[in-house]
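Report on the structure given below.
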Amino acid sequence: MGPHLLEAAPSTAGAEYHLGVAQWHAGDRAQAERSWERSLRCAETPWALRCLAVADTASGHPARAADRLLRAVQLLLASGTVPPQKGDPVLAADQMLETDQMLETDPVLEADPVLEAAGAGQGPGAGAGTGQGTEAAGAPTAVSLAAPPVAAADPVALEAAEAALGREAIVALLAADRADDARAVLDALRPAIRARGRFRLLRAQVLLAQGDALAARAVFDEGFEVCDLREGDEALSDTWYAIVERLASGTEEPLTEEARAQVRTEHPLPGRYEFRMRPA
């Protein structure tokens, strides 16, 4: 549905949310943000907050984006909100919930990995990526709904949304130097999500950010597999070397180039985590 029909609809949380989606895709980002803000005035939902967080990130406001993502995931965990279904213009392209690539694209322009309720990866979804989705049940059929429904109508969709939004919030909070808040989000996710390889990697990154490099190293020593890692993604190697360098220095002070080279020689990346697409 295009912006003109949506503009004629009654102003509700759902209508304003969908109007913002259409405006964003039409290239009118300022109007999209205003529509999502009106949606929030009608009813505070994770979906409008998340869209505004994407807009904040695109406009260079990562701290505000982190605030909004934190609030969005808190609402989701508290309410059990099932996200909009596959036909949603912003969210419909993310069968990516299981393979965690959503943070590496523009999630609103390319489709919304958090809100497409159809992810099926490592179970219902790991956060975004290229896995095949399964259609969500019980999702809204009209943009005039006051808000996306709240129910346990589709637990698979709910888990997919929790994993995707949780991952995005953790990454944003870490980028904003809010490791304790990132840890709180991670700990609040259901155990099945926390056990996925992508979230084990996030666990190591959170522990490192909190200053516990030894515990972060233990996560790698226990072993995990990030099933949705993109080609060329060096998150595993970057995290490993950040951990061993912190253990070697004992502080957050950077090592000299010579010391870094020695540490990397003495503590090479374990083969199971070697996915770099360039000479090491």
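Along the sequence shown, residues carry numbers from 1.
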Which atom of Ala209 lies closest to which atom of Leu174, heavy atoms considered
CB-CD2, 3.8 Å
In the structure I gave you, are the side-chain heavy atoms of Glu234 and Arg278 within less than 4.5 Å of one another anywhere?
yes
What is the distance from atom CD of Gln31 to atom CD of Gln23, rounded to the nearest 0.5 Å?
5.5 Å
Six-ring centre of Tyr241, Arg264 cation under 6.0 angstrom, axis tolerance 45°
yes
Do Glu274 and Ser237 pass the side chain to side chain donor-acceptor pair (under 3.5 Å) test, and can you show the C-alpha distance, the side-chain angles, and the key distance before you say yes or no?
CA-CA 7 Å; Glu274 181 58 89; Ser237 55; 5.9 Å; no
Lys/Arg N to Asp/Glu carboxylate O, Arg246 vs Asp212, below 4.0 Å
no
My understanding is that only one of Arg50, Arg68, Arg198 makes a salt bridge (Lys or Arg N to Asp or Glu O under 4.0 Å) with Glu168; could you say which?
Arg50
Kindly determine whether Arg183 and Arg203 satisfy side chain to side chain contact (heavy atoms under 4.5 Å, CB included), including the steps that lead there.
CA-CA 8 Å; Arg183 173 73 174 269; Arg203 173 75 65 183; 3.2 Å; yes
Interatomic spacing from CG in Leu189 to CZ in Arg194 - rounded to 0.5 Å:
7.0 Å
Regarding Asp67 and Arg178, does a basic nitrogen lie under 4.0 Å from an acidic carboxylate oxygen?
yes
Tell me if the CD atom of Glu266 is crowded by more than 12 foreign heavy atoms within 6.0 Å.
yes
Using side chain to side chain contact (heavy atoms under 4.5 Å, CB included), reason through Val171 and Leu202 one step at a time and then give a plain yes or no.
CA-CA 8 Å; Val171 171; Leu202 284 173; 3.9 Å; yes
Nearest heavy-atom neighbours spanning Ile243 and Ala216:
CD1-CB, 3.6 Å
Which pair of non-hydrogen atoms, one from Pro10 and one from Ala15, has the smallest distance, and what is that distance?
O-CB, 3.3 Å
Approximate separation, where rounding is to 0.5 Å, of Leu186 CG and Asp181 CG:
12.5 Å
What do you reckon, is CD of Glu258 surrounded by more than 12 foreign heavy atoms closer than 6.0 Å?
no
Measure the CG-CG distance between Leu40 and Leu52 for me, rounded to the nearest 0.5 Å.
5.5 Å
Hey, are Arg34 and Glu37 close enough for a salt bridge, meaning a charged N less than 4.0 Å from a carboxylate O?
no
Taking every heavy atom of Leu214 against every heavy atom of Leu247, the minimum-distance pair comes out as N-CD2, 3.7 Å
When you look at Leu49 and Leu69, which way does the side chain to side chain contact (heavy atoms under 4.5 Å, CB included) test go after all the steps?
CA-CA 7 Å; Leu49 282 166; Leu69 285 168; over 6 Å; no
If every non-hydrogen atom of Leu158 is compared with every non-hydrogen atom of Arg190, which pair is closest and at what distance?
CG-NH2, 3.9 Å
Between Gly166 and Val73, what is the shortest heavy-atom contact and its length?
CA-CG2, 3.9 Å
Does the pair Arg200/Glu222 count as a salt bridge with the N-to-O cut at 4.0 Å?
yes
Interatomic distance, OG1@Thr12 vs CZ@Arg38, rounded to 0.5 Å, equals 11.5 Å
Could you tell me whether Arg41 and Glu16 have a side-chain N and a carboxylate O separated by less than 4.0 Å?
no
Hey, what's the ring geometry for Phe220 with Tyr273, parallel, tilted or perpendicular (30° and 60° as the breaks)?
perpendicular
A side-chain contact here means heavy atoms from C-beta on lying under 4.5 Å apart; do Thr57 and His61 qualify?
no
Does Trp24 reach the side chain of Cys51, with side-chain heavy atoms less than 4.5 Å apart?
no
Are Trp47 and Trp36 an aromatic pair, judged by ring center distance below 6.0 Å?
no
Kindly indicate, with the supporting measurements, whether the criterion side chain to side chain contact (heavy atoms under 4.5 Å, CB included) is fulfilled by Leu75 and Thr45.
CA-CA 7 Å; Leu75 286 173; Thr45 66; 5.9 Å; no
Is any side-chain heavy atom of Arg217 less than 4.5 Å from a side-chain heavy atom of Trp240?
yes
d(Leu76 CG, Arg71 CZ) to nearest 0.5 Å is 11.5 Å
